[in-house]
Amino acid sequence: MSLTTITLSGTDYLSYCSVEKADEILAVDPTRNTNWAALEEDAKKIHLIAATNRIDLFRWLGRKTAESQTTDWPRSGLVYRDGGAAVDPNTIPPEIERATALAAGSTSLPSTTQSTQRTSAISVVKAGSAEVRFAVPQESAPQHPVETDEILALINEWLDRGTPNQDAEVGACASGTDAVSQFDDMDAFGYTGGLA
């Protein structure tokens, strides 16, 4: 599919999914259908535009097909993991379209600036000369611009995980009398923290 132009109050916006396609996708989604169906047409447009903008917050493999494009997709230089077929550099993959619809159909899209509370009752564990220090922040931003495993599973194969941040203050450090070891604190998708 190609990018969809959504007109709202006389202004054109780009979306990875049309209202009609989102209606089709979300009609068979029991967790999102009721909320989506209750939205007026303009509200659906706003949710799709916002979902597209949030999808564009990810770091992607490959490169934009045209340097002049304002969205991250379509992209060139990508392949599907299963079989290695090339992703069409001139269209929006169905996985991106579906992820956009699912994000738009959520009751509220996650905010990338909203803090979430994480607490740890233990910060240091000692046994003789060995100790383990847990450096878990009390507040942290959400890991991803769109925070459902279902959406991440759709787009996971094209996410650019980059080089793990070895200087991150998140994780655990074990030390003894003569050495310090750093452990990675990665989630299931290979992120070390913060927006990717």
Side-chain angles (χ1 to χ4, degrees), residues 1-8 11-33 35-37 39 41-114 141-162 186-191 194-196:
M1 75 151 272
S2 58
L3 280 169
T4 298
T5 300
I6 293 179
T7 304
L8 188 64
T11 303
D12 290 339
Y13 299 91
L14 294 175
S15 175
Y16 295 135
C17 186
S18 68
V19 171
E20 296 76 22
K21 187 64 176 179
D23 284 344
E24 177 186 317
I25 291 169
L26 297 171
V28 292
D29 187 313
T31 61
R32 295 175 177 89
N33 182 326
N35 292 325
W36 181 256
L39 295 175
E41 183 84 2
D42 280 356
K44 289 180 179 181
K45 291 178 179 181
I46 290 168
H47 278 257
L48 285 167
I49 294 163
T52 298
N53 291 337
R54 282 188 160 81
I55 294 283
D56 276 351
L57 291 176
F58 285 103
R59 259 191 348 228
W60 301 101
L61 296 171
R63 60 198 165 282
K64 292 180 179 182
T65 299
E67 287 297 320
S68 61
Q69 70 191 53
T70 58
T71 57
D72 282 352
W73 290 87
R75 298 184 76 75
S76 60
L78 297 174
V79 295
Y80 285 96
R81 245 184 266 163
D82 295 343
V87 175
D88 184 346
N90 299 307
T91 63
I92 306 302
E95 294 84 357
I96 297 296
E97 181 182 40
R98 183 170 177 74
T100 303
L102 294 178
S106 299
T107 51
S108 62
L109 293 169
S111 166
T112 57
T113 58
Q114 178 183 356
Q143 293 286 327
H144 310 287
V146 180
E147 293 182 337
T148 72
D149 290 342
E150 184 179 10
I151 292 169
L152 288 170
L154 285 167
I155 62 177
N156 187 41
E157 66 183 301
W158 300 313
L159 293 177
D160 181 359
R161 289 167 187 79
M186 291 186 166
D187 65 14
F189 297 97
Y191 290 108
L195 287 179

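All values derive from a computational prediction rather than experimental measurement.
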Enquirer: Is the shortest side-chain heavy-atom distance between I46 and L8 below 4.5 Å?
Expert: yes
Enquirer: Could you walk me through whether N35 and L39 pass the side chain to side chain contact (heavy atoms under 4.5 Å, CB included) test, one step at a time?
Expert: CA-CA 7 Å; N35 292 325; L39 295 175; over 6 Å; no
Enquirer: How long is the span from the CG atom in L102 to the CG atom in L152, to the nearest 0.5 Å?
Expert: 11.0 Å
Enquirer: So do the side chains of V87 and R75 get within less than 4.5 Å of each other, counting heavy atoms only?
Expert: no
Enquirer: So with a 6.0 Å cut-off around CG of D12, is the heavy-atom count from everything else above 12?
Expert: yes
Enquirer: Do T65 side-chain atoms and N90 backbone N/O form a donor-acceptor pair below 3.5 Å?
Expert: no
Enquirer: Please report the interatomic distance CG(L48) to NZ(K21), rounded to the nearest 0.5 Å.
Expert: 13.0 Å
Enquirer: Between S15 and T4, do the side chains contain an N or O donor and an N or O acceptor separated by less than 3.5 Å?
Expert: no
Enquirer: So, Q69 side chain and P74 main chain: donor-acceptor pair closer than 3.5 Å or not?
Expert: yes
Enquirer: What heavy-atom pair brings N33 and A27 nearest, and what distance separates the two atoms?
Expert: ND2-O, 2.6 Å
Enquirer: Go through the structure and list residues passing salt bridge (charged side-chain N to carboxylate O under 4.0 Å, His left out) with D88, not counting sequence neighbours.
Expert: none
Enquirer: Starting from the C-alpha separation in whole Å, work towards a yes-or-no answer on side chain to side chain contact (heavy atoms under 4.5 Å, CB included) for T52 and L14.
Expert: CA-CA 8 Å; T52 298; L14 294 175; 5.7 Å; no
Enquirer: Of all the heavy-atom pairs spanning S76 and K64, show the shortest one and how long it is.
Expert: OG-O, 4.2 Å
Enquirer: Just how far is it from atom CZ of F58 to atom CD1 of I155, taken to the nearest 0.5 Å?
Expert: 4.0 Å
Enquirer: With sequence neighbours left out, write down each residue that passes side chain to side chain contact (heavy atoms under 4.5 Å, CB included) with E67, or none if nothing qualifies.
Expert: none
Enquirer: How long is the gap from SG on C17 to CD1 on I92, to the nearest 0.5 Å?
Expert: 10.5 Å
Enquirer: With salt bridge (Lys or Arg N to Asp or Glu O under 4.0 Å) as the test, would you mind laying out the steps for R98 and E95 before giving the verdict?
Expert: CA-CA 5 Å; R98 183 170 177 74; E95 294 84 357; over 6 Å; no
Enquirer: Between K45 and T7, is there a donor-acceptor pair closer than 3.5 Å when you use the side chain of the first and the backbone of the second?
Expert: yes
Enquirer: Holding to salt bridge (charged side-chain N to carboxylate O under 4.0 Å, His left out), I want the full list of residues that pass it with E150, two or more places apart in sequence or in another chain.
Expert: R32
Enquirer: Under a 4.5 Å cut-off applied to non-hydrogen side-chain atoms, are T5 and Y13 in contact?
Expert: no
Enquirer: If you measure from CD1 on I96 to OG1 on T71, what distance do you get to the nearest 0.5 Å?
Expert: 10.5 Å
Enquirer: Grab the two heavy atoms, one from T31 and one from D29, that are nearest each other, plus how far apart they are.
Expert: OG1-OD1, 2.7 Å
Enquirer: Taking atom NE2 of H47 and atom OG1 of T100, what is their separation to the nearest 0.5 Å?
Expert: 14.0 Å
Enquirer: For I6 and K44: C-alpha separation, side-chain torsions, deciding distance, then whether side chain to side chain contact (heavy atoms under 4.5 Å, CB included) applies.
Expert: CA-CA 10 Å; I6 293 179; K44 289 180 179 181; over 6 Å; no
Enquirer: Go through it in stages, so that I can follow the logic: the residues are W60 and L78, the test is side chain to side chain contact (heavy atoms under 4.5 Å, CB included), and I'd like the CA-CA distance, side-chain angles, deciding distance and then a yes or no.
Expert: CA-CA 10 Å; W60 301 101; L78 297 174; over 6 Å; no
Enquirer: So do the side chains of D23 and W36 get within less than 4.5 Å of each other, counting heavy atoms only?
Expert: yes
Enquirer: Any idea which heavy atoms bring A101 and L26 closest together, and the distance?
Expert: O-CD1, 3.6 Å
Enquirer: For P94 and Y80, work out which heavy atoms get closest and say how close.
Expert: CD-OH, 4.1 Å
Enquirer: Hey, does the side chain of W73 reach the backbone of P89 with a donor-acceptor pair shorter than 3.5 angstrom?
Expert: no
Enquirer: Under the 3.5 angstrom rule, does the side chain of D56 hit a backbone N or O of D72 as a donor-acceptor pair?
Expert: yes
